[in-house]
S.K.: 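Structure provided below as structure tokens; questions to follow.
Numbered from 1 within each chain, the chains take letters A, B, ... in sequence-line order.
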Amino acid sequence: DAGITQSPRHKVTETGTPVTLRCHQTENHRYMYWYRQDPGHGLRLIHYSYGVKDTDKGEVSDGYSVSRSKTEDFLLTLESATSSQTSVYFCAISGTDAYSPLHFGNGTRLTVT
Amino acid sequence: AQSVTQLDSQVPVFEEAPVELRCNYSSSVSVYLFWYVQYPNQGLQLLLKYLSGSTLVKGINGFEAEFNKSQTSFHLRKPSVHISDTAEYFCAVSVDTGRRALTFGSGTRLQVQP
């Protein structure tokens, strides 16, 4: 898995509670990404980071925030979870070139009840 | 902005038969193209990529794909599938300008039957 660890692997939470997912890499890659995977939608980009403290929004960023205080860690926070955020969340890393492939973690399955 | 369309959500096929998974993209600039595979309860794994040069790209596990610029397609093929190829397959595109992230298609579930 190219040195990517996501935690937790599974989480069940209630509507309205805050949730933080963690992605940790040991590859020293500059780019890190958060995607969500839902049936029929493939993977959709939530946020990505191109360096420490440098982040940008993806196509489905509403309701999510991110932080990157160290090269190796990229946190995804749901400030107030909703049932529509029930999904599988994947972290990915890549090199600096646009043709660099992404390497994915094993995902976090989040259920919001 | 670029987009990817995978034309089939599910493809059932018998073992040892050939298979083609279709992918079309749209972009106003040059693209880089990728195919990923996802086995159950796992992350995505790179199968192959097209960056430039030869339009026929060979990947892992006997898969290959052909880039067709005029048809804006990047179809994935395998001449003889195995049960172990049962998985979900994603086509993705990246461009060299703007946001540095892959745009994915909605996926094709390949179901190989004995």
Side-chain angles (χ1 to χ4, degrees), chain A residues 1-7 9-10 21 23-25 27 29-51 54-61 66 74 87-109, chain B residues 1-10 21-25 27 29-53 57 59-60 65 67 74 87-109:
Chain A
D1 295 327
I4 307 170
T5 304
Q6 290 187 233
S7 59
R9 290 295 313 277
H10 302 272
L21 309 183
C23 178
H24 178 79
Q25 63 146 328
E27 305 297 318
H29 277 329
R30 180 181 171 191
Y31 283 81
M32 298 185 75
Y33 309 82
W34 279 107
Y35 285 87
R36 60 177 289 176
Q37 183 180 20
D38 305 288
H41 291 278
L43 278 81
R44 292 179 291 174
L45 181 67
I46 305 171
H47 282 279
Y48 74 104
S49 168
Y50 47 95
D54 291 324
T55 64
D56 200 359
K57 295 179 180 180
E59 59 184 302
V60 290
S61 59
V66 290
F74 191 33
S87 186
V88 181
Y89 292 86
F90 285 100
C91 174
I93 64 174
S94 75
T96 55
D97 299 302
Y99 51 80
S100 299
L102 268 60
H103 300 282
F104 286 84
N106 281 333
T108 294
R109 183 174 296 276
Chain B
Q2 62 273 18
S3 66
V4 178
T5 302
Q6 292 184 242
L7 299 160
D8 305 293
S9 59
Q10 294 188 66
L21 306 184
R22 297 180 293 167
C23 172
N24 286 91
Y25 69 91
S27 174
V29 298
S30 295
V31 298
Y32 307 110
L33 293 157
F34 305 81
W35 274 99
Y36 284 82
V37 60
Q38 184 181 33
Y39 299 104
N41 300 314
Q42 294 186 24
L44 280 71
Q45 176 183 351
L46 181 68
L47 264 181
L48 50 79
K49 59 186 178 184
Y50 172 79
L51 305 182
S52 65
V57 179
I60 63 172
F67 171 61
F74 190 54
E88 188 145 23
Y89 293 79
F90 293 94
C91 182
V93 63
S94 174
V95 297
D96 216 353
T97 59
R99 177 176 299 155
R100 183 66 58 79
L102 291 188
T103 298
F104 285 85
S106 55
T108 298
R109 184 167 298 279

S.K.: State, without any angle test, whether B:Thr108 and B:Asp8 hold a side-chain donor-acceptor pair at a distance under 3.5 Å.
M.R.: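 Short answer, no.
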
S.K.: Applying side-chain contact (heavy atoms from CB on, under 4.5 Å), name anything that partners A:Arg30, two or more places apart in sequence or on another chain.
M.R.: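 For A:Arg30 the side-chain contact (heavy atoms from CB on, under 4.5 Å) partners, ignoring immediate neighbours, are A:Tyr50, A:Thr96.
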
S.K.: In this structure, which one of B:Tyr36, B:Tyr89, B:Phe90, B:Phe34 forms a side-chain contact (heavy atoms from CB on, under 4.5 Å) with B:Leu47?
M.R.: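 For B:Leu47, the side-chain contact (heavy atoms from CB on, under 4.5 Å) check succeeds only for B:Tyr89.
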
S.K.: Against chain B, label A:Arg44 side chain, backbone, both or neither, depending on which of its atoms sit under 4.5 Å from a heavy atom there.
M.R.: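 Looking at A:Arg44, nothing touches chain B.
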
S.K.: Which atoms of B:Leu51 come close to chain A, meaning under 4.5 Å heavy atom to heavy atom: side chain ones, backbone ones, both, or neither?
M.R.: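 The answer is the side chain of B:Leu51.
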
S.K.: Name all residues meeting the side-chain contact (heavy atoms from CB on, under 4.5 Å) criterion together with B:Ala65; count only those two or more places apart in sequence or in a different chain, and write none if there are none.
M.R.: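 Applying side-chain contact (heavy atoms from CB on, under 4.5 Å) to B:Ala65 gives B:Trp35, B:Leu48, B:Phe74, B:Leu76.
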
S.K.: Could you tell me which portion of A:Gln37 (side chain, backbone, both or neither) has an atom closer than 4.5 angstrom to a non-hydrogen atom of chain B?
M.R.: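 Side chain only.
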
S.K.: Measuring heavy-atom distances to chain A, does B:Gln38 have an atom under 4.5 Å in its side chain, in its backbone, in both, or in neither?
M.R.: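 For B:Gln38, side-chain heavy atoms alone lie under 4.5 Å from chain A.
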
